[in-house]
Amino acid sequence: RHSVDLELGGFFACLDEDGDIYDRRKFMWLNGRQIYMYATIAETYTSDELFSLSNSKLSRDKLLKDAEVAANFMYAHGVREEDGKV
């Protein structure tokens, strides 16, 4: 919940023990990993299971939306248009 950048997309990697961001850089490896994990969790659990496991704070749709926004961030900022390389 704390690492998602709701304004620009992607995920912040550097959070302290309270969940506060101490470095606003976004690392592509972490964004890729979180996209993978969010999608895997969304495909593994039903909506009811996620809701129950997260104490009513998480939904499958939210996981997939955050993963999609992060994937768009990675594509926009981590891929060279001229040759498609990262």
Side-chain angles (χ1 to χ4, degrees):
R1 130 188 119 142
H2 295 287
S3 71
V4 178
D5 183 350
L6 298 173
E7 183 181 341
L8 301 174
F11 299 101
F12 294 110
C14 301
L15 307 174
D16 65 17
E17 60 274 358
D18 296 319
D20 295 323
I21 300 163
Y22 64 86
D23 186 338
R24 299 190 68 78
R25 291 181 291 172
K26 297 175 192 167
F27 301 99
M28 289 298 160
W29 68 267
L30 175 84
N31 277 265
R33 178 70 176 162
Q34 281 196 238
I35 291 166
Y36 169 79
M37 291 305 301
Y38 276 34
T40 299
I41 292 167
E43 291 300 316
T44 301
Y45 297 98
T46 66
S47 293
D48 290 339
E49 289 171 326
L50 281 172
F51 196 71
S52 175
L53 289 169
S54 67
N55 208 19
S56 307
K57 296 178 182 176
L58 191 59
S59 72
R60 187 173 185 276
D61 290 339
K62 172 81 169 115
L63 283 172
L64 293 175
K65 179 181 177 281
D66 289 345
E68 180 181 12
V69 170
N72 291 338
F73 170 83
M74 284 186 70
Y75 185 78
H77 299 285
V79 177
R80 295 189 308 216
E81 284 191 28
E82 61 271 7
D83 59 9
K85 291 186 179 181
V86 177

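Residue numbers start at 1 and run along the sequence shown.
Taking a 6.0 Å sphere around CD of Glu49, one finds it holds more than 12 heavy atoms contributed by other residues, nucleotides or ligands. Counting heavy atoms of neighbouring residues, nucleotides and ligands inside a 6.0 Å radius, atom CZ of Phe51 does not exceed 12 of them.
When ring centroids are compared, Tyr38 and Phe11 come within the 6.0 Å threshold.
When every heavy atom of Ser3 is checked against every heavy atom of Gln34, the shortest pair comes out as OG-NE2, 3.4 Å. Closest approach of Phe73 and Gly10 over heavy atoms only: CB-N, 3.7 Å. The two residues Asp16 and Asp18 have their closest heavy-atom pair at OD1-N, 2.9 Å.
In terms of modelled atom types and a separation under 3.5 Å, the side chain of Arg60 and the main chain of Ser47 share no donor-acceptor contact.
The distance from the OG atom of Ser59 to the CG atom of Asp48 is 11.5 Å, given to the nearest 0.5 Å. From Met37, atom CE reaches atom CD1 of Ile35 across 13.0 Å, with rounding to the nearest 0.5 Å. In this structure, CG on Asn31 lies 6.0 Å from CE on Met74, to the nearest 0.5 angstrom.
For the pair Cys14/Ile21, no side-chain contact is recorded, criterion being any heavy-atom separation below 4.5 Å from C-beta on.
Under the 4.5 Å side-chain heavy-atom criterion for ILVMFWY residues, no single connected hydrophobic cluster contains both Leu58 and Leu64. Note on Leu63: it clusters hydrophobically with Leu6, by side-chain heavy-atom contacts below 4.5 Å among ILVMFWY residues. Ile41 and Val69 fall into different hydrophobic clusters, where Ile, Leu, Val, Met, Phe, Trp and Tyr side chains are chained together by heavy-atom contacts under 4.5 Å. No continuous path of ILVMFWY side-chain contacts below 4.5 Å connects Tyr22 to Leu8, so the two sit in separate hydrophobic clusters.
Both tests pass for Lys26 against the ring of Phe12: distance under 6.0 Å to the centre and angle within 45° of the axis.
Under the rule for a salt bridge (Lys or Arg N to Asp or Glu O under 4.0 Å), the partners of Arg25 that lie at least two apart in sequence or sit in another chain are Asp23.
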Would you please test Lys65 and Asp61 for salt bridge (Lys or Arg N to Asp or Glu O under 4.0 Å) and show each step?
-> CA-CA 6 Å; Lys65 179 181 177 281; Asp61 290 339; over 6 Å; no
